[in-house]
Amino acid sequence: MLSSAMLPELDRRSLLRSAILLVGGSLAAGLPARALAGEVLAVGSVERFFTPAEFAILTEVAENIIPRTDTPGATDAKVPEMFDLLMTNWASAARKAQFRALVQQFGAAGVLSPDAAVRAAIVERIDLERFAADDQVYRKFKELVLTLYYWSEAGATQELRYELIPGKWDPSTVIDDDTRTWAA
């Protein structure tokens, strides 16, 4: 029989980290233990990938991709911070170089202009050009911004709606030759 002295001490953070590593270990392996435990990482408390100037550009681009309206924007959902965290701890060297160059190109285009309308126009112009050119790096960049937003609490609970059982339940559905069934 095992005594309590022989059992390892477990807390919520250790259990969460173990569960995440079991389910998605390859993604989570490089993240700090505090991030795995669900703690909010304060700006400046972790190593940064982007320089402060690049981070300001990333923030502006993300906010123009998903602006604040009646729902939170990318900045409210902490998309730039999570993007930077992924670049620091998870992305390959090639992806890091591609995204850094892309952020620098946004900066060279003047995305930090004092005029909000000019900033939005620059992001829109680059977006149209990159999609017309089928730029896969830009597509991955934008996909990551959108994914991080919808994975955030703000994106998942305030932007999206959750319906436990989608659709309407009708207990009196008439089944005939034209009734279609659901795919499994």
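Computed over heavy atoms, backbone and side chain alike; hydrogens, waters and symmetry mates excluded.
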Is it true that E81 and K78 make a salt bridge, defined as a side-chain N closer than 4.0 Å to a carboxylate O? no
So L86 and L144, do their side chains get closer than 4.5 Å, heavy atoms only? yes
Parallel, tilted or perpendicular: which one describes the rings of F106 and Y138, with boundaries at 30° and 60°? tilted
Between Q104 and T51, is any pair of side-chain heavy atoms under 4.5 Å apart? no
Can you pull the ring pair (Phe, Tyr, Trp, His ring centres under 6.0 Å) pairs that have at least one residue in residues 58-83, sequence neighbours excluded? F83-F99, F83-F141
Correct closest heavy-atom pair for P80 and T59 would be CB-OG1, 3.5 Å
Could you check whether any side-chain N or O of R119 sits under 3.5 Å from a backbone N or O of L112, counting only pairs where one atom can act as donor and the other as acceptor? no
R139 atom CZ, neighbour heavy-atom count above 12 within 6.0 Å: yes
Non-hydrogen atoms of L146 and I65 that approach each other most closely: CD2-CG2, 4.2 Å
Side chains of R130 and Q136: any donor to acceptor distance under 3.5 Å? no
Could you walk me through whether Q105 and L102 pass side-chain contact (heavy atoms from CB on, under 4.5 Å), step by step? CA-CA 5 Å; Q105 289 168 7; L102 183 61; 3.9 Å; yes
Locate the shortest heavy-atom distance separating I57 from G107; write the atom from each residue and the value. CD1-CA, 3.5 Å
State, yes or no, whether a side-chain contact exists between T75 and R68 at a heavy-atom distance under 4.5 Å. no
Find out if a path of hydrophobic residues (ILVMFWY) with successive side-chain heavy-atom gaps under 4.5 Å connects L160 to I66. yes
Under a 3.5 Å distance rule, please check whether S113 uses its side chain to pair with a backbone N or O of G110 as donor and acceptor. no
Quick check: closest heavy atoms across T88 and K96, and the distance to 0.1 Å? O-NZ, 3.7 Å
Cationic N near anionic O, under 4.0 Å, R100 to E54: yes
Could you grab the distance from atom CD of E159 to atom OG of S152, nearest 0.5 Å is fine? 9.5 Å
Can you tell me if D84 uses its side chain to pair, donor with acceptor, with the backbone of F50 under 3.5 Å? yes
D127 (side chain) donor-acceptor with V123 (main chain) under 3.5 angstrom: no
Given T71 and Q158, is the side chain to side chain donor-acceptor pair (under 3.5 Å) satisfied, shown in steps? CA-CA 6 Å; T71 59; Q158 296 176 42; over 6 Å; no
Locate the shortest heavy-atom distance separating A109 from R125; write the atom from each residue and the value. CB-NH2, 4.0 Å
Charged tip of R48 within 45° of F55 ring normal and under 6.0 Å: yes
So which heavy atom on V103 is nearest to which on L58, and how close? CG1-N, 4.3 Å
Could you check if a side-chain atom of W151 sits within less than 4.5 angstrom of a side-chain atom of M82, using non-hydrogen atoms only? no
